[in-house]
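FYI, side chains are in, hydrogens and waters are out, and symmetry mates aren't considered; it's all heavy atoms of this structure. For clarity, every value in this text was computed on a predicted model and none was experimentally measured. Order of the sequence lines fixes the chain letters, A, B, ..., with proteins taken first and strands second; residue numbering starts at 1 for each chain.
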Amino acid sequence: MTTRTTILSLPKEEYVHPGNRACTGCSLGIAYRIGLKALGPDTILIVPPSCLTVLQGLFPVASTKLPSLNVTFASTAAAATGVLEALKAQGREHTKVVAWAGDGGTADIGIQSLSGAAERGDDFLFMCYDNEGYMNTGVQRSGTTPQGAITANTPFKGKMQQRKDVAAIMTAHGIDYVATASASYPLDLYDKIKKAITLKGVKYIHIHTPCPPGWGFDTRYAVKVGELAVETGYLDLYEVEKGEFRLTGASAKTLEKGTRKPVREYLQTQSRFRIMSPEQAADAQARVDATWSTYSSGEG
Amino acid sequence: MTPDKKAAAQKPAPPRKPRAAKAAAPQKPTWDIGDIDTWGPDRHELGATIIEAGNSVFNETGGWRSDVPEIDSEKCDGCMLCYFYCPDASIVIEGGKAVGIDLEHCKGCGICAKECPTDAIVMKTDEKE
């Protein structure tokens with residue numbers, strides 16, 4: 001068993017400076033801060049348009065201490081491949097290349113270049129932070145917005161379609177490492193990044209980041225809402241290392257103790273689900289139950 | 001404008017409280033490009049390149065705040081959860097305990113007060129100068 005990181009053993013060095021332009025209570029700020037501590041200084045970031053670009057600062061201000069390349073939406077993974085080739089030509093193969101995109105840049109617009117890079121087996125880490133919508137342009141729906149959620153372009157009936165499971169799509173590519181994480185459990189995220197950067201090929205980590213203005217809850221509950229998503233089983237923390245599935249952290253504990261809460265508790269914390277029909281809520285619960293029944297039978 | 005309001009408007013503003021001086025704080029960069037006409041190609045950066053990484057510390061986001069956290073260091077048991085969960089790295093830690101807030105950058109989200117297990121941090125209404 002590998003040694004667990006604790007809060008006190010985290011590196012003290014900060015790679016994200018305060019004064020960034022993220023919204024008040026943005027949990028991406030937590031995931032980004034702890035994530036960059038795991039990556040360390042020898043890293044080049046590739047960031048498409050997203051909330052993260054706003055967090056990084058508006059010209060001529062930069063909050064990130066690491067070199068960061070801002071590219072177009074569709075080309076994130078392709079640009080990462082290009083940077084890798086440039087580093088190879090310069091003989092700097094020790095430098096890590098990390099693409100960090102939002103859910104729109106991963107699930108909707110950027111998926112073809114990501115899929116292509118995964119198939120080629122280029123050696124970089126792709127992080128997707130999932131705030132379940134296009135938040136910095138004004139809360140539009142994306143491929144990962146859950147059913148029943150109110151967004152700017154589904155204002156009356158909520159989104160009718162189901163959300164896309166990007167981590168499962170990436171697992172189907174047969175890459176070495178796929179994991180899901182949550183901004184409310186940054187140490188779990190830290191350990192997953194530390195493991196991912198030791199492996200070869202494309203690695204994919206999907207981070208759930210609660211968004212106070214987009215989801216409709218008070219800023220101080222940003223961490224609590226993320227914890228509820230995990231405790232209700234709505235989000236399961238797992239990693240698939242070389243085809244081997246394993247629940248991690250809080251999700252493993254929930255399965256072991258059988259203390260999974262009803263999904264309703266998570267849904268009612270956010271005003272975006274306020275017009276959700278009872279059928280949709282029951283459907284959300286049924287989907288979570290179906291997923292978790294495969295875990296308890298040991299097939300997972 | 002009513003006479004009352006007029007009198008209030010003429011009253012001089014209360015003096016600003018001096019900000020606590022930071023130890024060895026770097027100077028805010030100034031943009032002096034008065035002689036740009038004489039620049040050659042060697043002095044122009046590539047388009048949209050930011051050479052200085054992490055210069056956002058000069059960006060004061062404290063003005064976004066409506067509530068301000070107050071730390072009672074006596075109650076703090078040094079679990080570091082506030083430092084860990086702060087999205088803006090604005091908790092000042094000294095000797096393993098939370099002792100203060102970086103008020104120039106704290107956006108007042110209240111996550112630290114919510115996560116503190118010993119209630120050493122409470123949110124108070126921010127009195128603007």
Pick one of side chain, backbone, both or neither for [X], based on which atoms fall under 4.5 Å of a heavy atom in chain B.
X: A:Ala31; answer: neither
X: A:Ile7; answer: side chain
X: A:Ser63; answer: both
X: A:Leu55; answer: neither

- B:Met80 side chain reached by A:Leu8 side chain, heavy atoms, under 4.5 Å: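 Of all side-chain heavy-atom pairs linking B:Met80 with A:Leu8, at least one is under 4.5 Å.
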- Message: So A:Pro18 and B:Thr61, do their side chains get closer than 4.5 Å, heavy atoms only?
- Response: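 B:Thr61 does not reach A:Pro18 side chain to side chain.
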Using a 3.5 Å cut-off and no angle test, enumerate the donor-acceptor pairs between side-chain atoms of residues 97-104 of chain A and protein atoms at least two apart in sequence or in another chain.
{"residue": "A:Asp103", "atom": "OD2", "partner": "A:Gly133", "partner atom": "N", "Å": "2.9"}
{"residue": "A:Asp103", "atom": "OD2", "partner": "A:Ser142", "partner atom": "OG", "Å": "2.7"}
{"residue": "A:Asp103", "atom": "OD2", "partner": "A:Thr144", "partner atom": "OG1", "Å": "2.9"}

- Relative to chain B, which of A:Gly57, A:Ala183, A:Gly29 shows the most heavy atom pairs under 4.5 Å?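 Heavy-atom pair counts peak at A:Gly29.
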- Message: Looking at chain B, which one of A:Asp218, A:Leu28, A:Ile30 has the largest number of heavy-atom pairs inside 4.5 Å, strictly under?
- Response: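 Maximum pair count with chain B is reached by A:Ile30.
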List the atom pairs, with distances to 0.1 Å, where a side-chain N or O of residues 84-92 of chain B and a protein N or O form a donor-acceptor pair under 3.5 Å, not counting sequence neighbours.
{"residue": "B:Tyr85", "atom": "OH", "partner": "A:Ser184", "partner atom": "O", "Å": "2.9"}
{"residue": "B:Asp88", "atom": "OD1", "partner": "B:Lys107", "partner atom": "NZ", "Å": "3.1"}
{"residue": "B:Ser90", "atom": "OG", "partner": "B:Asp88", "partner atom": "O", "Å": "3.1"}

- Item | Exercise: identify the closest heavy-atom pair between A:Asn20 and B:Ser56 |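 Distance-wise, the nearest heavy atoms are N-OG, 4.1 Å.
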- Query: Taking all atoms of both residues into account, what is the closest heavy-atom pair of A:Ala222 and B:Ile111, and its distance?
  - Reply: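 That would be CB-CD1, 3.7 Å.
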- Task: Tell me, yes or no, whether the heavy-atom count around B:Glu94 atom CD, taken from other residues, nucleotides or ligands under 6.0 Å, exceeds 12.
- Result: no
- Message: Looking at B:Glu74, I'd like to know if its CD atom is crowded, meaning that more than 12 non-hydrogen atoms belonging to other residues, nucleotides or ligands lie closer than 6.0 Å.
- Response: no
- Is A:Arg220 salt-bridged to B:Glu115, cutoff N-O under 4.0 Å?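 No, this pair does not count.
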